[in-house]
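In what follows, a single structure is set out as structure tokens and then discussed.
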Amino acid sequence: MATTRLDRTQMVDTALRLLNELGLNGLTLRRIAKELNVQAPALYWHFKNKQELLDEMATEMFRRMVGPPEGRPAVRDWQERLAQSCRGLRRGLLGYRDGAKVFSGTRFTGRDHAPYLEEHLQALVEAGFTPADAVQAYFTAYAFTIGFVIEEQAVYPEPGERDPRYDPVERAENIGADFPLAAAAGTDLFSGYEKRFEAGLRIVVAGAEQMRVGAAPPGA
């Protein structure tokens, strides 16, 4: 097998391409090495293990999602900024098979995220959040989006193709008539993701509003 001089960018680009073909479970350093026409040990000069590779993949995914700072619109309304951030994250994750699983639990390898995070936290602080509450509001919205997309991609590993294990009719039959609400829930749980994401996002933003200093109390 030929030996090729590799760099991290080439490896990550290949890994992201293979991710869409194989999914996270099928993505291995050995498979990436085969695609690059090198011996597997050559990859370990750049990444000690698969987790280090996933960290770099998530970092590159983030770079592609947000683009350069000068290309981002200046949205000062904190509710809309938070919502747009979550929509962009979901859209970016859905661009990769198992994208949310790759992103979840990884550690960014550079500082590309710092200006983006600073912008969002600054907008929240200017809107009346304490710095700690700004972090909590942002992280809650972020975690909601990651978790939502993990569930969404479990049901639809490929766009428009539902995993047969999540068939709502079969699920309702398995649960049975003794639990009618639970049995009927499958229709809503495993479809209409766009609408349900927006509904969940409204709940998150409304909850964050209650943390803001000077916000009107519920029912006021």
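Computed from a predicted model, the values in this text were never measured in an experiment. Start at 1 with the first residue, then count along the sequence. The figures here come from the full heavy-atom set of this structure, side chains too, leaving out hydrogens, waters and symmetry mates.
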Taking all non-hydrogen atoms of both residues into account, name the closest pair between [X] and [Y] and its distance.
| X | Y | result |
| --- | --- | --- |
| A183 | G176 | CB-O, 3.9 Å |
| A177 | P180 | O-CD, 3.5 Å |
| S85 | H120 | CB-CE1, 3.5 Å |
| V125 | P131 | CG2-CA, 4.1 Å |
| H46 | D7 | CE1-CA, 4.0 Å |
| M61 | V102 | SD-CG1, 3.9 Å |

Within the 4.5 Å heavy-atom criterion, are [X] and [Y] side-chain neighbours or not?
| X | Y | value |
| --- | --- | --- |
| R31 | L27 | no |
| K101 | Q153 | no |
| E56 | E52 | no |
| R171 | Y166 | no |

> Does R87 pair with E198 as a salt bridge, N-O distance under 4.0 Å?
Replying inline: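 Salt bridge between R87 and E198, a charged N being under 4.0 Å from a carboxylate O: yes.
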
>> Between the side chains of D13 and R64, is the shortest nitrogen-to-carboxylate-oxygen separation below 4.0 Å, so that they form an ion pair?
In response: yes

Could you tell me the separation between the [atom1] atom of [X] and the [atom2] atom of [Y], rounded to the nearest 0.5 Å?
| X | Y | atom1 | atom2 | answer |
| --- | --- | --- | --- | --- |
| R8 | E60 | CZ | CD | 11.5 Å |
| Y44 | L29 | OH | CG | 4.5 Å |
| E152 | R196 | CD | CZ | 8.0 Å |
| L36 | L18 | CG | CG | 8.0 Å |
| W78 | L121 | CH2 | CG | 13.0 Å |
| F148 | L201 | CZ | CG | 10.0 Å |

>> Using side chain to side chain contact (heavy atoms under 4.5 Å, CB included), reason through F47 and V12 one step at a time and then give a plain yes or no.
In response: CA-CA 10 Å; F47 302 104; V12 170; 4.1 Å; yes

> Parallel, tilted or perpendicular for F62 and F108, by the 30°/60° rule?
Replying inline: tilted

> Do the ring planes of F103 and Y142 sit parallel (below 30°), tilted (30 to 60°) or perpendicular (above 60°)?
Replying inline: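 Ring orientation, 0 to 90° scale: tilted.
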
Look at the side chain of [X] and the backbone N and O of [Y], then say whether any donor-acceptor pair between them is shorter than 3.5 Å.
| X | Y | result |
| --- | --- | --- |
| D98 | L24 | yes |
| D55 | R107 | yes |
| R162 | D167 | no |
| S191 | T187 | yes |

> Can R30 and K34 be said to form a side chain to side chain contact (heavy atoms under 4.5 Å, CB included), step by step?
Replying inline: CA-CA 6 Å; R30 184 178 299 276; K34 180 180 179 181; 6.0 Å; no

> Can T14 and Q10 be said to form a side chain to side chain donor-acceptor pair (under 3.5 Å), step by step?
Replying inline: CA-CA 6 Å; T14 301; Q10 182 183 9; 5.7 Å; no

> So which of L19, T109, T106 actually passes side chain to side chain contact (heavy atoms under 4.5 Å, CB included) with M57?
Replying inline: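 Only one option passes, and that is L19.
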
[X] with [Y], same ILVMFWY side-chain cluster at under 4.5 Å:
| X | Y | answer |
| --- | --- | --- |
| L82 | F139 | yes |
| V204 | I146 | no |
| L54 | L22 | yes |
| L124 | I203 | no |
| I150 | M65 | yes |

> Counting only heavy atoms not in R17, do more than 12 sit closer than 6.0 Å to its CZ atom?
Replying inline: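 More than 12 heavy atoms, drawn from other residues, nucleotides or ligands, come within 6.0 Å of this atom.
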
> F197 ring centre to R90 NZ or CZ under 6.0 Å, with the angle to the axis within 45°?
Replying inline: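 Geometry flag: set, cation within 6.0 Å and 45°.
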
